[in-house]
Amino acid sequence: MKEAFLERKLEERRKEGALRQLTIREEMTDFCSNDYLGLARSSRKNDFNKSPQFSLEGLSHGSTGSRLLSGNSAMAESIESIIANFHDAPAALLFNSGYDANTGILSVLGRKTDYILYDKLSHASIRDGIRLGYATAWPFEHNSISSLISKIQHARQSIQNAGIDGEIFVVTESVFSMDGDIAPLEEIADICGRYGAHLVVDEAHALGVIGERGEGCCQQHNVHAKCFARIYTYGKAAGAHGAAIVGSTLLREYLLNFARSFIYTTALPPVSLIAIKHAYEQFPEMLKERIHLHKLIGIFRDAVLVHEKLDSNTAIQGVILPGNDAVRLLAEKIQDAGFDVRPVMYPSVPKGKERLRIVLHAYNTTEELQRLIGHLQ
């Protein structure tokens with residue numbers, strides 16, 4: 001089989017020190033996973049397994065087909081109602097992952113006469129979804145209100161000059177997955193209202209962690225009613241799998257008719273659906289975990305380190321160490337000391353912004369964090 005072209009591309013990655021590989025690291029203190037509240041691993045799993053309300057006994061591990069064929073169920077529609085109610089939205093639609101949700105909605109929102117403006121540090125799934133669609137797409141500078149205003153004014157003027165019926169969509173994450181900072185949602189929502197744009201917010205890293213009940217940033221900042229769509233994913237603080245897009249009933253109908261990542265895939269199985277339901281039952285009860293997590297965030301923010309820290313008030317903390325080789329070597333040193341910390345290297349982040357992505361969890365202890373900090377000082 002002629003595969004030399006594959007080897008050439010892989011060799012380019014090796015020379016850049018950017019070759020990705022799968023690893024298994026056991027018996028290490030977790031400072032890398034997105035299991036912020038411990039729902040994927042904690043003793044609450046025992047409650048999940050023992051409770052008749054959430055019993056896995058008799059549940060199928062398969063869903064037999066897509067939601068539009070044989071894969072729909074009363075359970076799926078009931079859980080979508082629970083999600084919509086929790087997030088104070090008229091409707092919700094389940095997807096198999098956050099990637100599927102973002103590519104699903106963003107690939108079908110924009111027509112050739114429309115514009116999508118997105119934060120330049122948006123997740124790859126957002127950018128991939130936009131690329132699959134037909135709208136003109138422009139990035140705006142990260143969390144920059146002035147840059148967004150400039151781009152939105154330019155888009156509105158282009159629509160007017162062309163004399164066309166065009167829509168403008170603004171897309172951002174609420175908590176950014178690599179930097180851990182929070183979007184200025186209130187200002188962005190106001191700008192969208194002023195210019196007649198539709199706001200789409202990915203809440204993947206806010207769900208469960210931010211808000212009195214773990215509802216996320218949009219509801220915490222009371223901008224949820226101003227959003228065209230919000231995306232919630234369940235592979236992080238929810239400790240499960242899948243995602244949902246919440247919005248109007250009309251948006252839900254539109255997506256189940258046009259979103260290819262919903263139409264042409266097998267539905268989530270019942271065991272996944274019940275895990276999502278369990279997470280929504282647990283979120284309001286996990287105030288103690290959120291308080292402890294924010295205590296750890298404060299400790300890390302106050303620590304004086306050798307290397308630059310990103311300014312983050314969330315569980316995602318970044319320590320900048322430019323260069324793939326340099327950041328990988330530091331990560332290996334910390335791993336040898338028993339802490340599971342992973343390097344994020346170019347091309348996942350821009351050159352010169354390579355970093356340790358340190359993730360804090362409700363199950364990490366103060367002592368564990370202090371020991372980790374000691375290896376960074």
Side-chain angles (χ1 to χ4, degrees), residues 22 24 33-87 89 91-105 107-108 123 125 128-129 202-205 207-208 214 216 229-247 251-283 286:
L22 295 174
I24 298 175
S33 81
N34 292 324
D35 186 23
Y36 301 121
L37 299 175
L39 280 178
R41 55 175 278 166
S42 75
S43 59
R44 287 175 181 264
K45 281 288 181 184
N46 295 329
D47 298 334
F48 174 85
N49 290 327
K50 292 175 183 177
S51 170
Q53 186 180 7
F54 299 110
S55 175
L56 299 181
E57 186 176 348
L59 286 180
S60 171
H61 289 268
S63 56
T64 77
S66 74
R67 291 279 300 278
L68 292 169
L69 294 175
S70 60
N72 195 30
S73 64
M75 180 188 293
E77 296 196 0
S78 171
I79 291 170
E80 286 172 336
S81 294
I82 290 170
I83 294 167
N85 289 335
F86 187 90
H87 293 296
L93 186 66
L94 285 163
F95 284 75
N96 285 13
S97 69
Y99 192 96
D100 284 340
N102 278 333
T103 56
I105 186 172
S107 62
V108 298
H123 190 266
S125 60
D128 288 354
D202 182 343
E203 290 258 56
H205 293 274
L207 177 64
R230 289 172 278 151
I231 296 93
Y232 296 96
T233 68
Y234 305 125
K236 299 173 177 64
H241 193 72
I245 297 175
V246 308
L251 174 62
R252 183 180 188 275
E253 185 178 9
Y254 182 87
L255 291 173
L256 68 85
N257 275 278
F258 293 101
R260 297 171 71 84
S261 60
F262 175 85
I263 298 167
Y264 298 110
T265 192
T266 300
L268 287 171
V271 289
S272 294
L273 297 177
I274 207 72
I276 294 169
K277 183 179 180 182
H278 174 70
Y280 275 103
E281 291 285 337
Q282 294 298 311
F283 285 154
M286 301 189 77

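If you read the sequence from its start, that first residue is 1, and numbering goes on from there.
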Any side-chain to backbone donor/acceptor pair from [X] onto [Y]? Under 3.5 Å, distance only.
{"X": "T233", "Y": "G98", "answer": "no"}
{"X": "Y254", "Y": "V108", "answer": "yes"}
{"X": "E80", "Y": "L94", "answer": "yes"}
{"X": "H241", "Y": "N96", "answer": "yes"}
{"X": "N102", "Y": "S125", "answer": "no"}
{"X": "R41", "Y": "D35", "answer": "no"}
{"X": "N72", "Y": "L68", "answer": "no"}
{"X": "T265", "Y": "F262", "answer": "no"}
{"X": "R252", "Y": "A92", "answer": "yes"}

Could you state the interatomic distance from [atom1] ([X]) to [atom2] ([Y]), rounded to the nearest 0.5 Å?
{"X": "M286", "Y": "L39", "atom1": "CE", "atom2": "CG", "answer": "4.5 Å"}
{"X": "I245", "Y": "L255", "atom1": "CD1", "atom2": "CG", "answer": "5.0 Å"}
{"X": "R230", "Y": "I105", "atom1": "CZ", "atom2": "CD1", "answer": "11.5 Å"}

statement: Residue set satisfying side chain to side chain contact (heavy atoms under 4.5 Å, CB included) with S261, at least two apart, ordered chain then number -> F95, D100, T103

query: Can you tell me if H205 and Y36 form a side-chain donor-acceptor pair at under 3.5 Å?
result: yes

Minimum heavy-atom distance [X]-[Y], with the two atoms named:
{"X": "A237", "Y": "G208", "value": "CB-CA, 4.2 Å"}
{"X": "P270", "Y": "G62", "value": "CD-O, 3.6 Å"}
{"X": "I263", "Y": "L256", "value": "CG1-O, 3.6 Å"}
{"X": "S63", "Y": "P269", "value": "CB-CA, 4.0 Å"}

Counting C-beta onward and ignoring hydrogens, is there a side-chain heavy-atom pair between [X] and [Y] closer than 4.5 Å?
{"X": "M75", "Y": "L268", "value": "no"}
{"X": "L207", "Y": "K236", "value": "no"}
{"X": "S73", "Y": "L273", "value": "yes"}

message: For E253, I'd like to know if atom CD has over 12 heavy atoms of other residues, nucleotides or ligands within 6.0 Å.
response: no

- request: For F86, enumerate each residue passing the ring pair (Phe, Tyr, Trp, His ring centres under 6.0 Å) test, keeping only those at least two apart in sequence or located in another chain.
  value: Y280

